[in-house]
Trainee: 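Below is a structure I'd like to ask you about.
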Amino acid sequence: MHDIRLLRDQMPHLREAMRRRGKLDELGPVLDRAEALEKERREAIAAVEELQARRNKVTQEVAKLRKAGEPADDLMAESRAIGEQLTDLDARRTSVEAEVHQLLLELPNITLEEVPEGGEENNQVVRAWGEPRAAESGVIPHWEIGEKLGLMDLPRGAKISGSGFIVYRGAGARLVRALMNFMVNTHADEHGYEELWVPLLVNRNTMTGTGQLPKFEDDMYAVPSDDLFLIPTAEVPITNLYREEILEPADMPRSFVAFSACFRREAGSAGKDTRGLLRVHEFDKVELVRYATPENSRQELELLTSHAEKMLQLLELPYRVLLLAAGDTGFSSAMTYDLEVFSPGVGKWLEVSSCSVFTDFQARRANIRYRAAAGEKPRFVHTLNGSALAFSRIIAAMLEHHQQPDGSVTVPAALRPYLGRDVLR
RNA sequence: GGAUGGGUGGCCGAGUGGUUUAAGGCGCACGCCUGGAAAGCGUGUGGGCGGGCAACCGUCUCGCGAGUUCGAAUCUCGCCCCAUCCGCCA
């Protein structure tokens with residue numbers, strides 16, 4: 001959510017930001033309407049407060065007169081009259097405020113200057129690591145090799161839960177546990193993140209704080225009897241940890257890592273990418289979240305991204321880093337890097353991580369602030385997050401990329417201590 | 001699910017209709033005192049919004065919302081949350 005003050009003095013900037021996202025036609029009218037309402041809002045506030053000030057004076061007079069035993073009927077009548085006016089004016093203010101707030105919620109974040117404008121076609125590959133294995137190298141796709149090696153059981157996953165739910169078995173199940181420990185340990189021990197273990201069910205306030213609600217209620221798995229929701233990512237509980245709080249100087253900056261299962265209905269996703277592990281309703285993920293200052297947040301995006309990249313390097317999976325163009329950057333994000341791993345079995349690049357800086361856009365909505373120094377006014381933190389990494393696609397990539405001609409799969413060295421074996425066969 | 005108790009400022013805690021523009025204490029900041037410190041003394045210490053270059057002024061805020069009243073932390077109604085005990089339970 002934007003600062004409402006931008007509607008007063010940053011209109012050209014906002015307009016330009018919408019244009020860069022390719023949304024000016026759609027959102028230009030919203031901006032205009034919001035600008036007019038903001039002016040009306042301030043006028044209403046001024047009028048209401050003037051009346052309130054008058055009434056406060058009058059009722060104090062009444063108190064004095066009555067204490068002195070003198071009549072105060074005139075003043076009481078005046079106060080009553082002010083009260084009636086206030087009821088009307090205040091209702092007007094409330095409705096204007098509500099409408100401008102609604103409009104603000106429709107406006108996406110302003111992307112940073114270095115983000116290329118336009119849509120997906122303008123995404124830039126900023127760097128690449130390793131040599132992707134050719135698609136025509138005779139690699140068996142992950143869903144076949146996974147079943148052949150007894151690592152996963154897709155039909156029974158579908159039987160007990162539905163399509164898009166995976167049962168991992170034997171070494172496959174152990175692989176999930178190994179990935180969890182490997183990633184969380186590395187981020188906690190070597191990258192300095194505080195380790196968290198968070199609830200997978202969260203309440204409505206929490207879902208609203210990170211923006212999943214009210215707009216995307218249909219995309220969430222819900223438990224209506226308790227008004228709870230299954231998290232689509234650990235970002236939700238982690239970012240809400242300090243919702244409605246003010247962090248003191250000693251508390252900043254903060255960084256958190258958590259493993260969690262993630263639940264996504266993705267109602268309209270039938271069709272592409274549905275095969276195997278690529279798009280599922282429940283998957284596992286290690287998530288990184290950082291609370292940064294405005295001064296450092298841009299740099300912290302590089303740091304966060306490098307931590308995610310480190311996982312891919314240690315898993316010996318070639319990848320590329322994409323800087324997303326404005327039109328492809330998520331609603332709340334100011335700048336996003338996607339990490340993609342090549343799947344030779346599918347012949348496509350798979351998104352395995354998305355690292356974003358949200359500037360103060362998320363923090364304003366969730367009301368997370370900090371004090372730069374004791375006694376100073378609180379400011380909104382800048383939030384960042386990124387997956388490091390999403391398991392299902394990583395498993396798919398490993399099964400294909402590390403596949404040997406005999407159908408076995410070698411385990412990357414960094415993972416061996418966690419998995420307890422060098423090769424899956 | 002049942003019962004009881006409770007939500008006041010960073011924390012503790014007073015306050016049942018008008019000098020409460022929220023007492024007092026703790027903590028914190030600054031100053032005085034001191035060779036230095038502690039203690040002591042003094043001053044100041046929430047957040048949002050609006051106006052102003054600023055100092056500052058106004059307004060809202062005692063869990064949330066509505067109501068009664070000239071006036072609500074205080075009275076009425078509804079809701080939310082927390083704690084403890086019981087029941088159930090991995």
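Values reported hereafter were calculated over all heavy atoms of this structure, with side chains retained and with hydrogens, waters and symmetry mates removed. Order of the sequence lines fixes the chain letters, A, B, ..., with proteins taken first and strands second; residue numbering starts at 1 for each chain.
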Trainee: Of Met76(A) and Glu38(A), whose closest RNA chain B nucleotide lies nearer the 5' terminus?
Mentor: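 It is Glu38(A) whose nearest nucleotide is closer to the 5' end.
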
Trainee: If a stem is a run of at least 3 consecutive Watson-Crick or G-U pairs, both distances under 3.5 Å, which stems include RNA chain B?
Mentor: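 Stem segments, range with range: B:1-7 with B:80-86, B:10-12 with B:24-26, B:27-32 with B:40-45, B:46-51 with B:56-61, B:63-67 with B:75-79.
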
Trainee: Expressed in angstrom and rounded to an integer, what is the separation of Ile82(A) atom CD1 from G71(B) atom C1'?
Mentor: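 Value for this atom pair: 12 Å.
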
Trainee: Does Ser343(A) use its side chain to pair, donor to acceptor, with the backbone of Val346(A) at less than 3.5 Å?
Mentor: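 Such a contact is found between Ser343(A) side chain and Val346(A) backbone.
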
Trainee: Pick base, sugar-phosphate or nothing for Asp73(A), based on heavy-atom distances below 4.0 Å to the nucleic acid.
Mentor: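 Counting heavy atoms under 4.0 Å across all strands, no contact is made by Asp73(A).
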
Trainee: Rounding to an integer number of angstrom, what distance separates A54(B) and G18(B) when you compare their C1' atoms?
Mentor: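 Roughly 35 Å separates the two C1' atoms.
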
Trainee: Within this structure, what is the OH-to-C1' distance between Tyr242(A) and G10(B), rounded to whole angstrom?
Mentor: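 Value for this atom pair: 15 Å.
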
Trainee: Specify the separation, in whole Å, of atom CZ of Arg41(A) and atom C1' of G50(B).
Mentor: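 Value for this atom pair: 8 Å.
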
Trainee: Between Glu117(A) and Arg19(A), does any NZ, NE, NH1 or NH2 come within less than 4.0 Å of an OD or OE carboxylate oxygen?
Mentor: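 Counted as a salt bridge, because a side-chain N and a carboxylate O are separated by less than 4.0 Å.
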
Trainee: Rounding to a whole Å, what distance do you find between Gln52(A):CD and G58(B):P?
Mentor: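 One finds 13 Å between P of G58(B) and CD of Gln52(A), rounded.
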
Trainee: Whether Arg80(A) contacts G71(B) is assessed here as follows: a side-chain N or O lying under 4.0 Å from the phosphate OP1 or OP2. Is that the case?
Mentor: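 No, Arg80(A) has no side-chain N/O under 4.0 Å of OP1/OP2 on G71(B).
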
Trainee: Restricting to nitrogen or oxygen on both sides, can you table the protein-nucleotides 16-21 of chain B pairs closer than 3.5 Å?
Mentor:
unit_1 : atom_1 : unit_2   : atom_2 : d
G18(B) : N2     : Thr59(A) : O      : 3.3

Trainee: In whole Å, measure the gap between the C1' atoms of U21(B) and G9(B) for me.
Mentor: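 Between the two C1' atoms, the distance is 15 Å.
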
Trainee: Exactly one of Glu245(A), Glu194(A), Glu300(A) should register a salt bridge (Lys or Arg N to Asp or Glu O under 4.0 Å) with Arg254(A). Which one does?
Mentor: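 When salt bridge (Lys or Arg N to Asp or Glu O under 4.0 Å) is applied between Arg254(A) and each of Glu245(A), Glu194(A), Glu300(A), only Glu194(A) qualifies.
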
Trainee: Indicate, with yes or no, if the rings of Phe165(A) and Phe283(A) have centres closer together than 6.0 Å.
Mentor: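 Between Phe165(A) and Phe283(A), the centre distance exceeds or equals 6.0 Å.
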
Trainee: What parts of residues 3-11 of chain A reach RNA chain B, counting only heavy atoms under 4.0 Å away?
Mentor: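 When residues 3-11 of chain A is checked for heavy atoms under 4.0 Å from RNA chain B, the hits, listed by number, are Arg5(A), Arg8(A).
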
Trainee: What is the distance, to the nearest angstrom, from the CD atom on Glu50(A) to the P atom on G50(B)?
Mentor: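 About 17 Å, once rounded to whole Å.
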
Trainee: Please give the distance between the C1' atoms of A14(B) and C62(B) as a whole number of Å.
Mentor: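 Their C1' atoms lie roughly 13 Å apart.
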
Trainee: When you compare C32(B) with A38(B), how far apart are their P atoms, in angstrom units rounded to a whole number?
Mentor: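 One P to the other, the span is 14 Å.
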
Trainee: Would you call His382(A) and Phe361(A) a side-chain contact if the rule is heavy atoms closer than 4.5 Å?
Mentor: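 Sidechains of Phe361(A) and His382(A): no contact.
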
Trainee: Closer than 3.5 angstrom, by distance alone: can the side chain of Arg265(A) be matched with the main-chain N or O of Asp218(A) as a donor-acceptor pair?
Mentor: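 Yes; judged by distance alone, with no hydrogens or angles, the pair exists.
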
Trainee: Output yes when at least one side-chain N/O atom of Asn56(A) is less than 4.0 Å from OP1 or OP2 of C60(B), else no.
Mentor: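 Yes, within the criterion.
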
Trainee: Output the rounded distance in Å from CZ (Arg364(A)) to P (C49(B)).
Mentor: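 Spelled out: CZ on Arg364(A) to P on C49(B) is 10 Å.
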
Trainee: Are any non-hydrogen side-chain atoms of Val381(A) and Thr293(A) less than 4.5 angstrom apart?
Mentor: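 Result no, sub-4.5 Å side-chain heavy-atom pair not found.
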
Trainee: Is Glu114(A) paired with Arg298(A) through a side-chain N to carboxylate O contact shorter than 4.0 Å?
Mentor: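 A salt bridge links Arg298(A) with Glu114(A).
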
Trainee: Report yes or no: is the cationic atom of Arg290(A) (NZ for Lys, CZ for Arg) closer than 6.0 Å to the six-membered ring centre of Tyr193(A), at no more than 45° off its axis?
Mentor: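 Output yes; distance and angle both within limits.
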
Trainee: Considering only the P atoms, how many Å lie between C64(B) and A73(B), rounded to the nearest integer?
Mentor: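 Looking at atom P only, C64(B) and A73(B) are 12 Å apart.
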
Trainee: Please give, in whole Å, the distance from U69(B) P to Glu78(A) CD?
Mentor: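 Taking atom P of U69(B) as the reference, CD of Glu78(A) is at 19 Å.
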
Trainee: Salt bridge check, Glu43(A) against Lys39(A): does any charged N sit closer than 4.0 Å to a carboxylate O?
Mentor: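 Salt bridge flag = yes for Glu43(A) with Lys39(A).
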
Trainee: Can you tell me how far apart CG (Leu7(A)) and CG (Leu104(A)) are? Round to the nearest 0.5 Å.
Mentor: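 These two atoms lie 5.5 Å from each other.
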
Trainee: Let me spell it out: for each of Glu97(A) and Val58(A), pick the nucleotide of RNA chain B with the closest heavy atom. Which residue's pick is nearer the 5' end?
Mentor: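 Its nearest nucleotide being more 5', the pick is Glu97(A).
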
Trainee: I'd like the P distance from G13(B) over to C33(B), given in whole Å.
Mentor: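 That atom pair is separated by 38 Å.
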
Trainee: Taking the basic N atoms (NZ, or NE/NH1/NH2) and the acidic carboxylate oxygens, is any pair closer than 4.0 Å for Arg20(A) and Glu113(A)?
Mentor: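 No.
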
Trainee: So Val289(A) and Thr383(A), do their side chains get closer than 4.5 Å, heavy atoms only?
Mentor: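 No. Closest side-chain heavy atoms not under 4.5 Å.
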
Trainee: Sticking with atom P, work out how far G44(B) lies from A23(B), rounded to a whole angstrom.
Mentor: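 My reading of the P atoms in G44(B) and A23(B) gives 12 Å.
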
Trainee: When we call it a touch if two heavy atoms are under 4.0 Å apart, what does Ile45(A) touch: a base, just sugar-phosphate, or nothing?
Mentor: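 Since only primed, P, OP1 and OP2 atoms lie under 4.0 Å of Ile45(A), the category is sugar-phosphate.
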
Trainee: Using atom P in both nucleotides, what's the gap between G63(B) and A22(B) to the nearest angstrom?
Mentor: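 About 15 Å, rounded to a whole number of Å.
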
Trainee: Touch check for Arg54(A), heavy atoms < 4.0 angstrom, all strands: base, sugar-phosphate only, or nothing?
Mentor: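 Nothing, no nucleic acid heavy atom in range.
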
Trainee: What is the distance, to the nearest angstrom, from the CZ atom on Arg243(A) to the C1' atom on G47(B)?
Mentor: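 Distance check: Arg243(A) CZ to G47(B) C1' gives 17 Å.
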
Trainee: From the set G48(B), U59(B), G51(B), return the single nucleotide nearest to any side-chain atom of Arg42(A).
Mentor: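 Nearest to the side-chain atoms of Arg42(A), counting from C-beta on, is G51(B).
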
